[in-house]
Every structure is written in structure tokens, then in C-alpha cells.
Amino acid sequence: MTDNDVSRRKVLAIVTNYGVEQDELIVPVDHLHGWGAQVDVAAVSTDEIQTLVGDKDPGKSLRPDLTLSDVDPTGYDLLLVPGGTLNADTLRQQEPATRIVRAFTDSGRPVAAICHGPWALVEAGVVAGKRLTSYASLRTDIRNAGGDWTDEPVVTDDAGGWRLITSRNPGDLDAFVREIDEAIAA
């Protein structure tokens, strides 16, 4: 086994219990599981997570592995922050979520956020000096927080000593997952 053996990698996904965009959570998690990585999903509570499709239609439900408050971020190699408007707006108001984001960025570990997910990064105060993308409605929030927003399918930025991978929406998942693969295999 080499140091970049994916089966030894641990990924943490942070969400709320309602409103995460189904494919922005399920597609990367299933992909990483299939690649042999361990993925834990942390939510606000241990109640079932109800995903949504297009912010309105019920999607798949799943149980979280742990709560945001119970997360020890030091045990993970990459942080995944899915979107969904309701999820992201609520997640950014959770102190444990912003604490987790800062723990990853402060230690130089990669963060991957898609769609509305970068709101948690804005709230954590970590986007200044970073080039990133997101759902277009976050453009002003990101710029006001000192980030350089661009409209591209996926953006990877290594400024500031940590890798940030961002993507706009579920239509960009293939490119987003490819960049996560590269980060997790490094």
C-alpha cells in the first residue's frame, strides 16, 4: 500500500438534515465509496437526512454517520460541502460546521464545495484571496468576502496553502468528482 492509496483516505461530508441537493451529496459519496475511500456524512442531528431534487422535490433519504458536533476533523483527508439552497443556508448558521471548515483550511487539507455549499466557506471567513465558482446567486456574497468568483464548471485553487475545489451545480458533477479524485489521490 502506498501513501496515496485511496482505500486509506477518509472524507467528511457536512450537511443539514433537510434540503441537501440529492446528487451533490449522493454522487460524490457513492463514487468515493466505489473507489475504496471511507466517507462519513455528518449532519446537525442523528435524524434521517432528507435530500431534495432541484430544491423542491423529495429525493433519497439516508442516515448520517455522526453529528456535526461529534466530528473530530483531524481524522479526515478531505471535506465535502454539498449544496441545496435550504441545506447551505442552514448549514452556514451552524457553529460546528464553520469550525470544521476552518479546521480543514487551517491545517492545509482540501475542501470541495458545490453549488450553494460555498456559503459555509464565506461564513467561516476562508474565501478571501481564493478563486472559486458556485451557484450564480452566491457571486456577490463571495466577492464581498474577498473571493474572486468566476462562472466555470469547476475551479481548483491552491492559494493560501490549502486546495479549494468548487463547482456550480449538479450539471458539473463529472468535472467536480474528477477534481476530488485528484485531490484525494495526492
Side-chain angles (χ1 to χ4, degrees), residues 1-15 21 24-25 27-29 31-42 71-83 88 91-92 96-186:
M1 231 184 264
T2 63
D3 283 343
N4 65 354
D5 183 352
V6 174
S7 69
R8 295 177 52 192
R9 300 292 191 230
K10 289 181 70 177
V11 175
L12 175 66
I14 59 172
V15 298
E21 184 66 32
E24 293 173 5
L25 174 62
V27 169
V29 166
H31 174 81
L32 288 163
H33 277 148
W35 211 24
Q38 178 185 330
V39 182
D40 289 336
V41 178
V71 168
D72 175 2
T74 61
Y76 296 93
D77 300 298
L78 181 134
L79 177 63
L80 172 64
V81 188
L91 187 65
R92 68 182 173 154
T98 56
R99 175 185 52 81
I100 291 165
V101 169
R102 282 191 296 270
F104 272 83
T105 62
D106 288 351
S107 66
R109 288 172 290 152
V111 175
I114 186 169
C115 200
H116 287 81
W119 258 342
L121 284 69
V122 167
E123 195 66 32
V126 299
V127 300
K130 297 295 263 187
R131 184 172 173 270
L132 64 154
T133 193
S134 67
Y135 195 76
S137 65
L138 275 66
R139 175 182 48 235
T140 300
D141 294 334
I142 289 168
R143 287 179 176 159
N144 286 341
D148 178 16
W149 188 88
T150 186
D151 184 14
E152 296 178 33
V154 67
V155 174
T156 300
D157 187 308
D158 292 320
W162 61 279
R163 177 170 287 182
L164 175 60
I165 303 162
T166 52
S167 210
R168 299 175 300 192
N169 58 55
D172 298 330
L173 276 165
D174 287 344
F176 184 63
V177 169
R178 257 192 321 273
E179 290 298 315
I180 290 172
D181 285 352
E182 188 176 309
I184 199 79

- request: Would you please say whether a donor-acceptor pair under 3.5 Å links the side chains of D181 and W35?
  value: no
Heavy-atom closest pair (P110 atom, F104 atom, distance to 0.1 Å) is O-CD2, 3.8 Å
* Between K130 and W162, is NZ or CZ placed under 6.0 angstrom from the six-membered ring centre and within 45° of the ring axis? -> yes
Exercise. Go through the steps to decide whether L25 and E21 satisfy the test side-chain contact (heavy atoms from CB on, under 4.5 Å), and finish with yes or no.
Key: CA-CA 7 Å; L25 174 62; E21 184 66 32; over 6 Å; no
Please step through side-chain contact (heavy atoms from CB on, under 4.5 Å) for the pair L132 and T150, ending with a clear verdict.
CA-CA 6 Å; L132 64 154; T150 186; over 6 Å; no
Cut-off 3.5 Å, no hydrogens considered: what does the side-chain donor-acceptor table look like for residues 96-103, sequence neighbours left out?
unit_1 : atom_1 : unit_2 : atom_2 : d
T98    : OG1    : E95    : O      : 3.0
R99    : NH2    : L68    : O      : 3.4
R102   : NH1    : A124   : O      : 3.4

Distance col, row I165:CD1 vs R178:CZ, nearest 0.5 angstrom, shows 12.0 Å
| Does V11 offer a backbone N or O that forms a donor-acceptor pair with the side chain of D77 under 3.5 Å? | no
One should read off an interatomic distance between I180 CD1 and L173 CG, to the nearest 0.5 angstrom, of 8.5 Å
Hits for ring-ring contact (aromatic ring centres under 6.0 Å, His included) against Y76, two or more places apart or cross-chain, chain-then-number order -> none
Under the side-chain contact (heavy atoms from CB on, under 4.5 Å) rule, what do T156 and L164 come out as? Steps first, then yes or no, please.
-> CA-CA 6 Å; T156 300; L164 175 60; over 6 Å; no
**Asked** Okay, side chain of R9, backbone of I184: is any donor-acceptor separation there less than 3.5 Å?
**Response** yes
Between I142 and the options T133, T166, D148, V122, the side-chain contact (heavy atoms from CB on, under 4.5 Å) test singles out V122
Rounded to the nearest 0.5 angstrom, the NZ-CG distance for K10 and L32 is 14.0 Å
### Message
Using the rule given for side-chain contact (heavy atoms from CB on, under 4.5 Å), can you reason through S137 versus H116, listing the C-alpha separation, both sets of side-chain angles and the distance that settles it, and then say yes or no?
### Response
CA-CA 8 Å; S137 65; H116 287 81; 3.5 Å; yes
Sequence neighbours excluded, the answer for salt bridge (charged side-chain N to carboxylate O under 4.0 Å, His left out) partners of D158 is R163
When rounded to the nearest 0.5 Å, the distance separating CG of L80 from CD1 of I14 is 8.5 Å
E24 side-chain N/O to G83 backbone N/O, donor-acceptor pair under 3.5 Å
yes
